[in-house]
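Computation of the quantities below employed the complete heavy-atom set of this structure, encompassing side-chain atoms and omitting hydrogens, waters and symmetry-equivalent molecules. Proteins come first, then strands; the chains are lettered A, B, ... in the order of their sequence lines, and each starts at number 1.
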Amino acid sequence: AQSVTQLGSHVSVSEGALVLLRCNYSSSVPPYLFWYVQYPNQGLQLLLKYTTGATLVKGINGFEAEFKKSETSFHLTKPSAHMSDAAEYFCAVSSYGQNFVFGPGTRLSVLP
Amino acid sequence: DTGVSQDPRHKITKRGQNVTFRCDPISEHNRLYWYRQTLGQGPEFLTYFQNEAQLEKSRLLSDRFSAERPKGSFSTLEIQRTEQGDSAMYLCASSTREGYTFGSGTRLTVV
């Protein structure tokens, strides 16, 4: 079975500050890991994904995440927050041919 | 590529009524998934299709729920005798090996 935990249901940062959203996963098989963003009343938009290869993954809108197998983590970072980054962020785990398991989400607020 | 389309975007229904949602996946994607997302939660898996075959159903999918993908293209999700607890966002996604693409969802409100 696979599972995802996201530490902090709500994170607030100032505009221009570092964004760090935490994700830890559990998987008995090599995981595929994803970060999605969701704006109010919208579907989920893929930010980035890790399947194989390089463990530092760059995504859209300046976000990146690093897969750390030893820590079973896939934390999402962005060097400088922008007001438009305010949204709900979901980490998800899957593996080849398997369904996604999503974390509970972290709401990011960006303060002016 | 028009992405994954879901219709309607919003549905308000009275308790006890039946509702049907439609999902049009990306044309070359052979896998199609339905998820349910309640307020403040992450999406929860309901069911998925490989072409027209429904290969897996979550225990969340009670007997009031039925999903079809008759020709391996679009899919419908029907909820019979809706209950207030069915109020949620219903998300459809289609995929290849490379990953999922989600639709914008159908928000169901049962009053």
Task: Test item: B/Phe45 and A/Val101 side chains (from C-beta on) under 4.5 Å apart, heavy atoms - done: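 Side chain of B/Phe45 against side chain of A/Val101, heavy atoms only: no contact under 4.5 Å found.
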
Open item on the list: Would you say that A/Asn99 contacts B/Tyr35 through its side chain, given a criterion of any heavy-atom pair below 4.5 Å between the two side chains?
Closed with: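 With C-beta onward as the side chain, the pair touches.
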
TODO: Measure distances from B/Glu56 to the heavy atoms of chain A and classify the residue's part below 4.5 Å as side chain, backbone, both or neither.
DONE: side chain

For the [atom1] atom on [X], are there more than 12 heavy atoms of other groups (residues, nucleotides or ligands in this structure) within a distance under 6.0 Å?
X	atom1	result
A/Leu7	CG	no
B/Ile12	CD1	no
B/Glu68	CD	no
B/Leu39	CG	no
B/Arg15	CZ	no

- [ ] Answer yes if A/Val19 and A/Tyr89 sit in the same cluster of Ile, Leu, Val, Met, Phe, Trp and Tyr residues linked by side chain heavy atoms under 4.5 Å apart, and no otherwise.
- [x] yes

Spacing of [atom1] belonging to [X] relative to [atom2] belonging to [Y], to within rounding of 0.5 Å:
X	Y	atom1	atom2	value
A/Phe102	B/Gln37	CZ	CD	8.5 Å
B/Met89	A/Leu44	CE	CG	9.0 Å
B/Thr101	A/Gln45	OG1	CD	10.5 Å

Open item on the list: Please classify the contact between A/Glu88 and chain B as side chain, backbone, both or neither, with a heavy-atom cut-off of under 4.5 Å.
Closed with: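 Neither part, no heavy atoms under 4.5 Å.
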
Open item on the list: In terms of relative ring orientation, are A/Phe100 and B/Tyr100 parallel, tilted or perpendicular, with 30° and 60° separating the classes?
Closed with: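 Plane angle under 30°, so parallel.
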
